[in-house]
Amino acid sequence: MAILGLFFFGLSLIGYSATLRLLHVNPYFTWITAILVQIMLMYFFAMLNLLRFGIWGVTILGVILLIARLILGYLGKVSIHHEGMHLFDAWMIFLGTVMALVLLHSPLIHYDNFSHWATIVKFLTFTGHLPGAQDTIISFTSYPPATALFITQFVTFTGFHEGNMLVAQFILIWAASYTIFATLRDRSRGLNSMLLCLTIAISYVFNINIRLNNLLVDYVLAIITVAALVGIFIYRSRPKMLTAHVALFSGSLLLIKNSAAFFVIVIACYYLYTLIKQSVPQRWFKRTLKILGQFLGTFLLAALPFIWWEIHVHMTFSSSKHEINAAAYHSQLAHDGLQGFISIGQAFLHQIFNLGSLSTQGFLVLNIGLIIAWAVIKYVCHYPNQLLKLLGWLDLITLLYYFSLLGMYVLSMPFAEAITLDGFERYMSTVVVLNLFIGVMCLVYIIDETYYEQNLAKRSPRNFRSIWTKNGYQLATFLVMFFAVIMMYSEINGTTFTNNYNRRTMPVMLTKVARPWTKQNDVKILIVDPQKVEVTTYYTGFLANYYFFTNNATGQATFSKSKINFRKDIDQYQYIVIPKYDKSFTKGMHKYYHQHIRTGFYRVHTDHLQKITTSDSLRYQ
């Protein structure tokens, strides 16, 4: 069934992509645009409490579009020009497939998967609606559902499984990554295309804190923003397509996470610059009015889905974690005080200037790399370029993001988490990846402009200034291609190693004693966890809630040596799960219940625990 579901989903996606080609969407944008269009359609149905109908309707519509496209093509009514395969296409297809297969067998480990990202997908999949006030299993109710909707669509047809969820998000990432090749002036130049492939691979180095085997959206924000910026460049001379593109991508970003507002502002600035630059010369008042009308109209359209979401959140929930709330910010400032602000600021500055910080290393590498590239192109190739000016803009983006991140720590995060700069490298990886892509895409474009033959129609393997430049170009192409493959394989092997390293973690061990429940319930379940830190940070509780689909699961690491208190701890639960051997719990059970228990899934009775086999665990939900 999973194979048939994948086939059906694939046909639907191809149908949307083919239709967008007929509407003259750039070929490198059809895949990601098709995904975002489907997300928007499903979001509309979800907000009307018709999510399941929306998922099936949107997917079936894609298949119908494909059938219509094939019929029209057979009748000779439409035709689509295909450029054929390029070197980067082979790189994307082969290594993307290998990465997807690795993700298919990857477990979810990171804390935030269970506190929200995986839990919301499970909720949408098995309940068929957005969470309401009564659905306390969802804590971060203000988080928009864009990526969750697409993942839910995918697992609806392929089966709910952690690997399938990861593959779905990877499809989204890979489709957005493909758009960067639209910037190539000459796609037959191996050096240029392999530089972009290498950039994709290197970007995962700065995403190493969460990797691709997690459902967190920090990398998704960066790569969707990159695709949005590339689209503005590609559609700059097509006003209607430009407006539709910016509205769709900006609106989608706002529905991925609230913090995406920063990246929408970056898109808005480049969009406004493009409108001004491409505007037709006319009287300044008329010109200004036209530009402002198009700009404001585009972002009003982009903001409408997010405004609808904010209205929904405020009407449905009395309060929510990490929501945009001025009163909450004022309360946070009053609670922490000036001294708390200073302490967080000092820790923040120390982290920024720490050379061991991966984000700081990324900032320095990008700056040094672009400065060297500027010097070589200007003084060796004798070609004036704008790389230093570009670098100034990228550093400004980084600086502004530093301030926005500091504001988040001070205003919306509990002091205990803020003072440790919880998630700093993960948050900063987004802007580092964004700047990396922008910097290299512009560099590749300038490199192409320095080639000896500028007439693309006349370029051939013989069009070089000399035999030395030809040999140098071929050697550079080979080296870049080699490193692009090696770096991507490094990410693949790193993910495989992480999966093997995590085989004794609580989420993996839990699968060995019980199967996940798929019916929402309020059953009281205790997970015995010998790791105290996992209990105190609520990791075990969130994992249990996700796995058993309940809002009454907790974790416990220490147990009373008193018979009365020990039995009281046990009696308040309906089920007890022991994924890992816990010496204190085993001794207590032997002493007070006269049972020898090491690991397993148990039903609680008055005077004993009844062991439930893994295969039978589903019957008790």
Side-chain angles (χ1 to χ4, degrees), residues 17 20-21 23-37 83 86 88-89 91-92 96 171-187 189 192-203 219-253 256 260 262-275 277-278 298-299 302 366 370 386-387 390-391 393-394 397 430-449:
S17 176
L20 289 171
R21 277 177 174 252
L23 296 174
H24 306 293
V25 171
N26 185 280
Y28 296 94
F29 276 84
T30 56
W31 298 108
I32 185 60
T33 305
I35 291 173
L36 297 185
V37 166
E83 292 187 16
H86 298 292
F88 60 84
D89 289 308
W91 188 92
M92 291 286 291
I171 290 172
L172 175 65
I173 289 172
W174 214 235
S177 302
Y178 192 54
T179 63
I180 67 174
F181 299 104
T183 61
L184 293 172
R185 294 177 69 234
D186 183 359
R187 297 180 183 97
R189 298 296 93 186
N192 294 0
S193 61
M194 283 297 103
L195 277 171
L196 294 180
C197 291
L198 179 61
T199 304
I200 294 174
I202 291 176
S203 70
Y219 189 90
V220 176
L221 291 175
I223 199 64
I224 296 294
T225 305
V226 169
L229 295 174
V230 172
I232 294 173
F233 175 76
I234 297 301
Y235 297 132
R236 62 191 182 277
S237 58
R238 300 169 60 188
K240 292 182 180 179
M241 187 65 74
L242 177 61
T243 298
H245 169 83
V246 173
L248 175 63
F249 278 72
S250 299
S252 299
L253 274 170
I256 292 175
F262 178 88
F263 302 100
V264 172
I265 292 173
V266 173
I267 294 170
C269 291
Y270 184 48
Y271 178 54
L272 182 59
Y273 166 78
T274 302
L275 290 179
K277 190 174 181 180
Q278 296 295 128
T298 300
F299 281 96
L366 184 62
L370 287 182
Q386 300 290 320
L387 286 179
L390 170 69
L391 182 58
W393 284 111
L394 297 183
I397 291 174
T430 306
V431 78
V432 171
V433 169
L434 172 63
N435 287 348
L436 173 68
F437 274 105
I438 295 173
V440 176
M441 284 190 298
C442 293
L443 173 61
V444 167
Y445 196 86
I446 291 172
I447 287 174
D448 190 278
E449 291 181 329

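For the numbers below, each heavy atom of this structure counts, side chains included, while hydrogens, waters and symmetry mates do not. We count residues from 1, following the sequence as given.
When all heavy atoms are compared, the tightest approach of Ala227 to Ala176 is CB-O, 4.1 Å. Closest heavy-atom contact between Met92 and Trp174: O-NE1, 2.9 Å. Closest approach of His24 and Met241 over heavy atoms only: O-CE, 3.6 Å. Minimum heavy-atom separation, Ser17 to Thr30: OG-OG1, 3.0 Å. Nearest approach of Leu390 to Gly439, heavy atoms of both residues: CD2-CA, 4.1 Å. Of all the heavy atoms in Ile267 and Ala228, the pair that sits closest is CD1-CB, 3.5 Å.
With a 4.5 Å cut-off on side-chain heavy atoms, Thr430 and Phe262 do not count as touching. Using a 4.5 Å heavy-atom cutoff, the side chains of Leu370 and Leu394 are in contact. With contacts defined as side-chain heavy-atom distances shorter than 4.5 Å, the pair Leu184/Asp448 does not qualify. Side-chain atoms of Leu196 and Ile200, non-hydrogen and from C-beta on, never get closer than 4.5 Å to each other. Contact check for His86 versus Phe181: no side-chain heavy atoms found under the 4.5 Å cut-off. Within the 4.5 Å cutoff, side-chain heavy atoms of Tyr271 are placed close to those of Thr243. Between Leu229 and Phe437, every side-chain heavy-atom pair lies at or beyond the 4.5 Å cut-off. Thr183 places none of its side-chain heavy atoms less than 4.5 Å from the side chain of Val444.
Applying the salt bridge (charged side-chain N to carboxylate O under 4.0 Å, His left out) rule to Arg21 yields no partners; only residues at least two apart in sequence or on another chain are considered. Residues forming a side-chain contact (heavy atoms from CB on, under 4.5 Å) with Tyr445 (at least two apart in sequence, or on another chain): Arg185, Phe233, Glu449.
Remark: Tyr28 OH to Asp89 CG distance equals 6.0 Å, nearest 0.5 Å. Distance check: Ile438 CD1 to Ile397 CD1 gives 5.0 Å after rounding to the nearest 0.5 Å. Separating the CG atom in Asn192 from the CD1 atom in Ile446 is a distance of 12.0 Å, to the nearest 0.5 Å. Atoms OH and CD1, from Tyr270 and Ile232 in turn, are 7.0 Å apart once rounded to the nearest 0.5 Å. A distance of 9.0 Å separates CG in Leu242 from CD in Gln278, rounded to the nearest 0.5 Å. One finds the CG atom of Leu434 at 11.0 Å from the OH atom of Tyr219 (value rounded to the nearest 0.5 Å).
The residue from Ile173, Leu248, Leu172 that alone fulfils the side chain to side chain contact (heavy atoms under 4.5 Å, CB included) condition with Ile32 is Leu172. A side chain to side chain contact (heavy atoms under 4.5 Å, CB included) with Phe299 is found for one member of Ile265, Val246, Leu272 and no other, namely Val246.
Using cut-offs of 30° and 60° on the angle between ring planes, the pair Phe29 and Phe249 is perpendicular.
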Go through it in stages, so that I can follow the logic: the residues are Leu195 and Leu443, the test is side-chain contact (heavy atoms from CB on, under 4.5 Å), and I'd like the CA-CA distance, side-chain angles, deciding distance and then a yes or no. CA-CA 10 Å; Leu195 277 171; Leu443 173 61; 5.8 Å; no
